[in-house]
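Notes follow once the structure below has been shown.
Just so you know, these numbers use all the heavy atoms, side chains as well, and skip hydrogens, waters and symmetry mates. All chains are named by letter (A, B, ...) in the order of the sequence lines, taking the proteins before the strands, and each is independently numbered beginning at 1.
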Protein chains: 2
Amino acid sequence: MALDNPTRETPVTTADKVFDSMLHAIVEGKIAAGSKISEPELAKQYEISRSTLREALNRLEKCHLIERKANVGSRVVECSIESLLEIYVVREALEGMACREAALNMTDDEIVDMKAMLDEHAKAQDLQDGVAYYQEEGDLDFHYKVILGSHNKQLINILCGQLYHLVRMYRLQFGMHSPRATRAFDEHYRIIEAISDRDGELAELLMRRHIVASCKNIKKKIAMQATESQA
Amino acid sequence: MALDNPTRETPVTTADKVFDSMLHAIVEGKIAAGSKISEPELAKQYEISRSTLREALNRLEKCHLIERKANVGSRVVECSIESLLEIYVVREALEGMACREAALNMTDDEIVDMKAMLDEHAKAQDLQDGVAYYQEEGDLDFHYKVILGSHNKQLINILCGQLYHLVRMYRLQFGMHSPRATRAFDEHYRIIEAISDRDGELAELLMRRHIVASCKNIKKKIAMQATESQA
DNA sequence: AATGATAAAATTGTCGACAATACTTTGAGC
DNA sequence: GCTCAAAGTATTGTCGACAATTTTATCATT
């Protein structure tokens, strides 16, 4: 599927498969955030040796999905609001820059491809029930393509390889299906226009605003949840 | 020393020590860039088992200092100019943002501390022979403190934990002691001022220009080297 | 009862050996 | 002489066992 990590091909080694499996489990919350990871237990569960499991754990650590302490063990990261805001700051900086670079480096073909994708999303959105789809897959697809369009391996690696799993984790666990669908779509459209005009400065500006808006939206939601739970 | 990774304490496990040792060896070029890493050979050299070595290799991979392919093995990264420019793009984005956040989040004490450091550097620079010192340690110290001042764990982790080893590697292997010492110092000073004024927008702008200037300087140098080798 | 030291259990770190995969060398066929 | 196939060699991936460390449980002391 389109959301898979473009950094790696197909999983070949068993550690790869276990990594993929655990990745989904953590992102979806089947392995609870903040919970301790018992190597003997998980190794038995996946029917592999501890060496192989530890290899998988190392990769999860690279995605910032687990944290390890020497001689103590691994824990799944906590999903705190502070940490989410920190991630948004990093995204604002990196995706903004990726967008600028995309305006400079994307091929004409890639831009055409992207416009086609947005048209698809527009259609799906017309059939109202597509909103949920757009929220999840569509939005991520858009951001992925911009990042890949930067043609900057470092950017791609950090954003697609590491950070996006965390972003997805927060989306799923905090249940973020915000009412920003149509608005976000407009923003996406304008970003593409800027890229199409090869206007890097504007593209960066728009992407940064797009992300800040999304972040503010989350803050608002969280504030609402807080007042609700008070009542 | 000040340049050590603020992310981790002291190395406790043997894998930690081997990681540190290999980190320095790679950064300094004692293990050549682009060279293949033989697990049996290195394990024998460090007098450890392959498991422990592989643990160290995993951490080096986290710093983007080596790359692994399944069933093939590890290589030290190549030091290409393209890759260096890519890193500068990431730095511009992330350190710019870190600087903005530092302006918002640094404590007054931290700012005082930083000004004191700059004064130290100014003195060292007066004693002309301190220039070389300033280039290496001083410059990195400055950038480190700004990054830490952001109080953003994600930023700190990516920049100090991963990217800076690469930056150091390029500095040493490309032999970058540029004639930007006094100029870079002025720029550092103005950045501190912006942070001190709590002007996040200006602080980000200045840091980005500072990094872009440094990048241009490198490009110029490389162009010069190219014409020299032609003659 | 609470605190602190000590012993037991469990977990992580490290090791050496085997299995699976990739690379090299050899030789056969054209 | 060159190309391709096959066997052999070397390297990486995986496994189970042991050592070192941490955590838990036990018990004596105040």
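Ring planes of His210(A) and Phe142(A): perpendicular class, angle over 60° (limits at 30 and 60°). Aromatic ring pairs are classed by plane angle as parallel below 30°, tilted from 30° to 60° and perpendicular above 60°; the pair Tyr164(B) and Tyr144(B) is perpendicular.
Nucleotide dT14(C) holds its C1' atom 13 Å from the CG atom of Asp16(B), rounded to whole Å. If you take CD of Glu47(A) and P of dC15(D), they are 11 Å apart, rounded to a whole angstrom. One atom, CD of Glu55(B), and another, P of dC15(C), lie 12 Å apart when rounded to the nearest Å. Protein atom CD1 of Ile48(A) is 11 Å distant from nucleotide atom P of dG16(D), rounded to whole Å.
When heavy atoms are screened at a 4.0 angstrom cut-off, Ser51(A) is found touching base atoms of the nucleic acid.
Using a 4.0 Å cut-off between charged nitrogen and carboxylate oxygen, Lys153(B) and Glu78(A) do not count as a salt-bridge pair.
Residue Lys36(B) qualifies as enclosed at atom NZ: its count of foreign heavy atoms under 6.0 Å is above 12.
Contacts of Phe174(A) classified as ring pair (Phe, Tyr, Trp, His ring centres under 6.0 Å), with partners at least two apart in sequence or in another chain: Tyr170(A).
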Report the C-alpha distance between His165(A) and His24(A) in whole Å, list the side-chain angles of each, state the deciding distance to 0.1 Å, and finish with yes or no for ring-ring contact (aromatic ring centres under 6.0 Å, His included).
CA-CA 9 Å; His165(A) 302 295; His24(A) 283 98; 8.5 Å; no
Going 5' to 3' through nucleotides 5-13 of chain C and flagging B where a protein heavy-atom sits under 4.0 Å of the base, S where only the sugar-phosphate is that close, and - otherwise, we get -------BB
